[in-house]
Every structure is written in structure tokens, then in C-alpha cells.
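Pasting a structure below so you can have a look.
Chain identifiers are assigned alphabetically (A, B, ...) following the order of the sequence lines, protein sequences preceding nucleic acid strands; residue numbering begins at 1 within each chain. Since we're looking at a predicted model, the values are computed, not measured. Values reported hereafter were calculated over all heavy atoms of this structure, with side chains retained and with hydrogens, waters and symmetry mates removed.
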Amino acid sequence: MKFPRPPHAWTLSPVQAVAVQRQLALGVRFEALSAGARWIAGLDAAFTPDRRQCVGAVVLWDREQGVAVESHVARRPLRFPYVPGLLSFREAPALLAAVRRLKQTPDVLLADGHGLAHPRRFGIACHLGVLCDLPSIGCAKSRLIGAHDEPGLRRGDRSFLYDQGETIGTVLRTREGTRPLFISVGHRADLEGAVALVLACGAGFRLPEPTRLADRLVARARAGR
DNA sequence: GCGACAG
DNA sequence: ATCTTGTCGC
């Protein structure tokens with residue numbers, strides 16, 4: 001698929017990256033996520049053993065048939081350090097390269113990381129969604145910012161994530177006996193719809209199938225092929 | 001100055 | 001993310 005808008009430069013200083021986030025955050029749109037979203041693109045990244053490259057993977061999951069219909073990986077040089085709050089500048093180049101290889105355009109992107117649950121309300125899910133101009137959801141395995149109560153112990157139990165008086169996400173238990181996931185809106189989505197979609201993509205594991213499969217794919221592609 | 005800190 | 005053995009639980 002092609003991107004409606006050309007991306008900005010990726011080789012930046014942390015200070016410049018923050019400026020880019022503040023600018024792009026103005027482009028985040030809020031919409032009701034389509035309840036009929038069928039093709040979900042799960043995204044995940046890893047690093048080569050020498051830590052010089054980032055490997056991005058995308059798995060297009062057909063929610064109707066419950067199967068992966070496309071899988072792609074792409075490698076890009078690692079040019080940015082890990083700085084909490086600037087994750088996308090490290091992983092997005094490889095992830096976008098993988099997304100670009102998709103034949104079918106996704107209905108929504110499911111990113112491994114936060115969306116609005118971010119200090120500047122522009123986590124990697126927002127970044128990917130805005131650049132691709134596609135609905136996106138952040139699905140992180142741990143908290144970056146915000147306060148919350150511990151959700152109930154059963155699958156589907158949830159509590160909200162708050163920061164500065166705003167509700168920035170949902171802490172969702174996707175499987176009993178495991179730590180909850182942090183769901184937040186990325187771009188062109190709503191929190192309720194995001195939570196519903198994550199649960200709809202669940203297959204008995206803590207992670208929703210699209211990102212779980214992308215995770216597996218990237219783990220294999222990391223070393224060799 | 002002391003923690004917290006997506007992946 | 002990644003480095004790593006055994007071990008607790010279903």
C-alpha cells in the first residue's frame with residue numbers, strides 16, 4: 001500500500017523528535033472505530049543480535065476467518081536510541097517499510113505500544129496511524145504514564161488509565177492469570193471500540209492474535225530467515 | 001536530588 | 001527490546 005503523505009525525516013535529535021511529535025499530534029483525529037473492521041494489521045519490532053538493525057513485522061489478520069492472510073518483514077538501520085516517549089523514532093521506519101509491502105489495505109493498525117497514553121498524547125500507535133492515515137490502536141504490555149486501579153481478574157475486566165485529569169486509556173485483562181494490557185486510541189478511533197476490537201481478536205492468549213503473530217514472526221526473522 | 005521510564 | 005536455568009502451575 002502507498003502512503004497518502006510522505007514521512008518526515010527519521011534521523012533527528014531527541015529534541016527535534018519531540019518537536020515532530022507536537023506537530024504531528026495536531027493531526028490526530030477521533031472517530032468511532034468501525035464495528036465491521038475486518039482486516040487488522042498487527043505490528044511488532046525486534047533488533048538484530050548485533051543491535052544495529054530494527055526488524056519490523058506486520059501480520060494482516062482476517063477477523064472473519066480468524067486467519068492471517070499476509071505477513072511481511074523489513075529491516076532498517078537503528079539510528080535512534082531508546083528514550084521513553086520516543087519509541088516510534090526507533091521502530092517506526094522498519095514497521096512502515098513492512099506495512100508498505102501489504103497488498104491489501106488494513107482497516108486498522110494494532111501497534112505494540114501506546115497511542116494517546118503518552119506524555120504528549122502521541123505514542124507509536126498515533127504516529128503510525130497518522131502517517132498511514134489509517135485507524136490505529138495502541139496495545140502495550142506495560143504502563144508508560146498514568147494512574148489506574150488494578151482491573152478485575154477475569155478476561156474482559158478493565159479499569160481506566162488517567163493522566164492530568166484525562167482518561168487516556170483502558171487497563172484490560174485479556175486473560176486470567178496474566179498482567180493486563182494497556183489499550184489506548186491511536187488515530188481515527190475511540191477507546192470503547194479499541195477495547196472491543198482487542199477482545200474480538202483474542203484467541204486465548206494475553207496478546208491479541210495480530211500482534212501475537214507479528215511477535216512470533218519477528219522473533220524468527222531477527223536472527224536469520 | 002531521587003524515582004519512573006512503551007520496546 | 002535483550003541477556004538467561006530452573007522452576008511453579010495447569
With a 4.5 Å cut-off on side-chain heavy atoms, are A:L95 and A:C54 touching?
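The answer is no; the side chains never approach within 4.5 Å.
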Chi angles and distances behind the side chain to side chain contact (heavy atoms under 4.5 Å, CB included) call for A:T48, A:R75
CA-CA 9 Å; A:T48 50; A:R75 293 162 178 270; 3.1 Å; yes
When we call it a touch if two heavy atoms are under 4.0 Å apart, what does A:L95 touch: a base, just sugar-phosphate, or nothing?
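No contact.
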So what's the dot-bracket for DNA chain B: Watson-Crick or G-U pairs under 3.5 Å, [ ] if a pair crosses, | if it pairs off-strand?
.......
Determine whether A:R188 and A:D133 make a side-chain contact, defined as any pair of heavy atoms from C-beta on separated by less than 4.5 Å.
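Yes; the side chains approach each other to less than 4.5 Å.
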Cluster question for you: counting only ILVMFWY and a side-chain heavy-atom cut-off of under 4.5 Å, with indirect links fine, are A:L131 and A:L60 together?
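Same cluster: A:L131 reaches A:L60 through Ile, Leu, Val, Met, Phe, Trp or Tyr contacts under 4.5 Å.
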Distance-only check: which donor-acceptor pairs under 3.5 Å involve side-chain atoms of residues 103-111 of chain A, not counting sequence neighbours?
unit_1	atom_1	unit_2	atom_2	d
A:D107	OD2	A:R38	N	2.8
A:D107	OD2	A:W39	N	3.0

Pick base, sugar-phosphate or nothing for A:R143, based on heavy-atom distances below 4.0 Å to the nucleic acid.
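Touches sugar-phosphate only.
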Should the pair A:F89 and A:H127 be assigned to parallel (<30°), tilted (30 to 60°) or perpendicular (>60°) ring geometry?
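Perpendicular.
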DNA chain C: 5'-most and 3'-most nucleotides touching chain A, 4.0 angstrom heavy-atom criterion:
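So the contact region on DNA chain C extends C:dA1 to C:dC3.
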A:D163 CG to A:I168 CD1 distance, which is reported to the nearest 0.5 Å
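So the gap between those two atoms works out to 4.5 Å.
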Secondary-structure stems, DNA chain C, at least 3 Watson-Crick or G-U base pairs under 3.5 Å
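DNA chain C stems: none present.
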For side chain to side chain contact (heavy atoms under 4.5 Å, CB included), just list the numbers for A:R173 and A:E150, CA-CA rounded to whole Å, side-chain angles, deciding distance to a tenth of an Å, and then say yes or no.
CA-CA 10 Å; A:R173 186 136 266 147; A:E150 206 51 38; 4.1 Å; yes
Which atom of A:C132 lies closest to which atom of A:L96, heavy atoms considered:
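In terms of heavy atoms, the two residues are closest at SG-CD2, 3.7 Å.
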Mind checking the CZ-OG1 spacing from A:R155 to A:T178? Nearest 0.5 Å is all I need.
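These two atoms lie 10.0 Å from each other.
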Show your reasoning for whether side chain to side chain contact (heavy atoms under 4.5 Å, CB included) applies to A:F47 and A:R90.
CA-CA 10 Å; A:F47 309 108; A:R90 201 168 154 74; 3.7 Å; yes
Describe the nucleic acid contact of A:I124 in one word from base, sugar-phosphate, nothing, applying a heavy-atom distance below 4.0 Å.
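Base contact.
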Check: A:P135 and A:S34 side chains under 4.5 Å, non-hydrogen atoms:
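In short, these two side chains do not touch, never coming nearer than 4.5 Å.
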Can you confirm whether A:R206 sits close enough to A:R179 that some side-chain heavy atom of one is under 4.5 Å from a side-chain heavy atom of the other?
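Contact flag for A:R206/A:R179 side chains = yes.
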Angle class for the A:F182/A:H148 ring planes (parallel below 30°, perpendicular above 60°, tilted otherwise)?
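Geometry flag for A:H148 against A:F182: perpendicular rings.
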What are the bounds, 5' to 3', of the part of DNA chain B that sits under 4.0 Å from heavy atoms of chain A?
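Range of nucleotides touched by chain A: B:dA4 to B:dG7.
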Steps toward salt bridge (Lys or Arg N to Asp or Glu O under 4.0 Å) verdict (A:D112, A:K141)
CA-CA 8 Å; A:D112 185 23; A:K141 298 183 293 299; 3.0 Å; yes
Please give me every residue in residues 200-215 of chain A whose heavy atoms get under 4.0 Å of an atom in DNA chain C, ordered by residue number.
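Contacting residues: none.
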For A:G85, report the nucleic acid contact type (base, sugar-phosphate, nothing); a contact means any heavy atom under 4.0 Å.
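If one applies the 4.0 Å heavy-atom cut-off, A:G85 turns out to touch a base.
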